[in-house]
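Each chain gets a letter, A, B and so on, in the order its sequence line appears, and its residues count up from 1.
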There are 2 protein chains.
Amino acid sequence: MEYEEGKEKLIQAWGTLGASWGLNRTMAQIHALLMISPESLSAEEIMKELNISRGNANMNIRALIDWGIVYKEHKPGERKEYFKSEKDVWELAKQVAQERRKRELDPIIKMLNQVENIRDDSGQVENIKEFKKITKDLKKFADKSNGMLDKFIRADEHWFFGTLLKSFK
Amino acid sequence: MEYEEGKEKLIQAWGTLGASWGLNRTMAQIHALLMISPESLSAEEIMKELNISRGNANMNIRALIDWGIVYKEHKPGERKEYFKSEKDVWELAKQVAQERRKRELDPIIKMLNQVENIRDDSGQVENIKEFKKITKDLKKFADKSNGMLDKFIRADEHWFFGTLLKSFK
DNA sequence: TTAAACTTTCAAACATTATTGAAAGATAAA
DNA sequence: TTTATCTTTCAATAATGTTTGAAAGTTTAA
């Protein structure tokens, strides 16, 4: 396989993956492009490489910076902004985990807390019983997951994959 | 808070969550409804409860069954099909992890394998070097994640949350 | 200042995905 | 069989999400 073909494949696949991870296709493609690029790239270069418009490039680069997986860079004597990606896959994973926790897990936990004290006087005894049981279970699970994610985000790769992984039997 | 309000909140939040987990909104809402329902429900009841069409209900119920988190049930003497959800949150999590692995991780690993042997003769020495480095790192990470997910899917809750969680410091 | 180089915004156009509902397909009882 | 009941399909439509591109905004150098 030639470089160009491989590059194309990676960018496409990463785009698809991104879509199921809360980023959108273009966002993930820009990220893939920056990941495999040895030098940081300007908005102009990204637009050209991926055939996307200026606005699209700008918005998605900002979103990536927001997620904390792409950084702005200023080259000395240059007016333009350049962008580079976090290249450490472990850091990347932690960053994504953190962001998803904020966007997904936190709201669910908040909702479960709100919902836990429903009044049980509307005569729907069985429904309410089941509702309480399920929300309690979900809350327990969500809290545990939250705790684990917290540790994961603080963990370092060596310990995680070295020590922890081996403890799975 | 009243039961109806809590129910509404849970269904909405679950729908939103589902959207970022590879199920679609309606699919996740049906699932939420079945989860809190002490009795299994018919397609008719689901349609009415969530204000969705027959076709929509049918397709999404099938998809949930496909994911392995909703089951068909036949009541004796009844012609209609009834549906009930997996209610064990741990089982649910494992089932979802398994599906997502199949749909997301597997394709990426496949792509990374395809891409790992690019020819390095097109004169783009630096690009190719970086490409190989990144894809190698990604592959390593993907393989490790795959292994962990495998174990997770086979693990039981007590061991996982009891033993393992404590090993995080 | 002014002008050039760059970045950001956002309404309109486009693309994708989800939903509807009516018709066709099953299935079981009469 | 036939009929009634229930399920599935799918083309049309609606809803949602993404992209464009031109105009407005910002920054820097002269």
Side-chain angles (χ1 to χ4, degrees), chain A residues 11-34 40-67 70-84 103-104, chain B residues 11-34 39-67 70-84 99 103-104:
Chain A
I11 290 176
Q12 290 314 320
W14 210 244
T16 305
L17 183 70
S20 50
W21 274 79
L23 345 192
N24 71 33
R25 166 177 308 272
T26 305
M27 211 174 143
Q29 287 179 344
I30 294 174
H31 178 251
L33 178 63
L34 290 173
S40 54
L41 302 178
S42 67
E44 210 74 32
E45 292 168 311
I46 292 169
M47 286 163 57
K48 201 162 135 236
E49 196 75 49
L50 300 176
N51 281 294
I52 58 175
S53 72
R54 187 170 297 286
N56 197 7
N58 184 273
M59 294 209 299
N60 285 297
I61 290 168
R62 296 308 132 190
L64 284 165
I65 291 173
D66 232 52
W67 271 70
V70 160
Y71 313 114
K72 228 184 267 203
E73 199 175 51
H74 279 101
K75 296 198 174 178
E78 287 240 41
R79 184 84 168 276
K80 244 183 295 213
E81 291 177 326
Y82 286 80
F83 306 97
K84 64 171 202 267
R103 285 161 207 247
E104 295 166 26
Chain B
I11 290 176
Q12 290 314 320
W14 209 244
T16 305
L17 184 71
S20 50
W21 274 80
L23 345 190
N24 71 33
R25 168 178 308 274
T26 305
M27 215 174 138
Q29 287 179 344
I30 294 175
H31 178 251
L33 177 63
L34 290 175
E39 301 293 333
S40 53
L41 302 178
S42 67
E44 210 72 34
E45 291 167 311
I46 293 169
M47 287 163 55
K48 199 161 138 239
E49 195 76 48
L50 300 176
N51 279 296
I52 59 175
S53 71
R54 186 171 298 284
N56 197 7
N58 184 273
M59 295 207 299
N60 284 297
I61 290 168
R62 296 308 132 189
L64 284 164
I65 292 173
D66 234 50
W67 272 71
V70 160
Y71 313 114
K72 225 183 270 201
E73 201 176 51
H74 279 100
K75 296 198 175 177
E78 287 240 40
R79 183 82 170 276
K80 245 182 291 208
E81 291 177 327
Y82 285 82
F83 306 96
K84 64 172 201 266
E99 274 306 311
R103 284 161 209 247
E104 295 167 27

(request) Determine, step by step, whether A:M27 and A:M59 satisfy the side chain to side chain contact (heavy atoms under 4.5 Å, CB included) criterion, reporting the C-alpha distance in whole Å, the side-chain angles of both residues, the deciding distance to 0.1 Å, and the verdict. (result) CA-CA 9 Å; A:M27 211 174 143; A:M59 294 209 299; over 6 Å; no
(request) For the pair A:E44 and A:R79, evaluate salt bridge (charged side-chain N to carboxylate O under 4.0 Å, His left out) and give the outcome as yes or no after the intermediate values. (result) CA-CA 13 Å; A:E44 210 74 32; A:R79 184 84 168 276; over 6 Å; no
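Rounding to the nearest 0.5 Å places CD of B:Q29 at 9.0 Å from CG of B:N24.
One can place CE of A:M47 at 13 Å from P of C:dT8, the figure rounded to the nearest angstrom. Protein atom CD1 of A:I65 is 12 Å distant from nucleotide atom C1' of C:dT7, rounded to whole Å. Counting to the nearest Å, the P atom of D:dG25 and the CG atom of A:N58 are 16 Å from each other. The distance between atom CG of B:D66 and atom C1' of D:dT8, rounded to the nearest whole Å, is 15 Å. The distance between atom CG of A:L50 and atom P of D:dT19, rounded to the nearest whole Å, is 11 Å. For the pair A:E78 CD and D:dT27 P, the interatomic distance rounds to 19 Å; values are reported in whole Å. Taking atom NZ of residue B:K72 and atom P of nucleotide D:dT7, one finds them 9 Å apart after rounding to whole Å. The distance between atom CD of B:E44 and atom P of D:dT8, rounded to the nearest whole Å, is 13 Å.
Annotation: side chain of B:I30 is in contact with side chain of B:I52 (closest heavy-atom distance under 4.5 Å). With a 4.5 Å cut-off on side-chain heavy atoms, B:L50 and B:N56 do not count as touching.
Every residue two or more places apart in sequence or in another chain was checked for a side chain to side chain donor-acceptor pair (under 3.5 Å) with B:K48, and none qualifies.
Taking every side-chain heavy atom of B:K80 into account, D:dC6 is the closest of D:dC6, D:dT9, C:dT8.
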(request) Would you write the dot-bracket representation of DNA chain D, where each base gets (, ), [, ], | or . depending on whether it forms a Watson-Crick or G-U pair under 3.5 Å and with which partner? (result) ||||||||||||||||||||||||||||||
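If you run side-chain hydrogen bond (donor to acceptor under 3.5 Å, both in side chains) between B:S40 and each of B:K72, B:E45, B:E73, only B:E73 comes through.
Contacts of B:E81 with the nucleic acid, taken as non-hydrogen atoms under 4.0 Å apart, involve only primed sugar atoms and P, OP1 or OP2.
Of all non-hydrogen atoms in B:G15 and B:A28, the two that sit nearest each other are CA-CB, 3.8 Å. Here the shortest heavy-atom pairing between A:F83 and A:V70 reads CB-CG1, 4.1 Å.
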(message) I'd like to compare against my own output: the B/S/- annotation of nucleotides 14-30 of chain C with a strict under-4.0 Å heavy-atom distance to protein.
(response) ----SBBB-----BB--
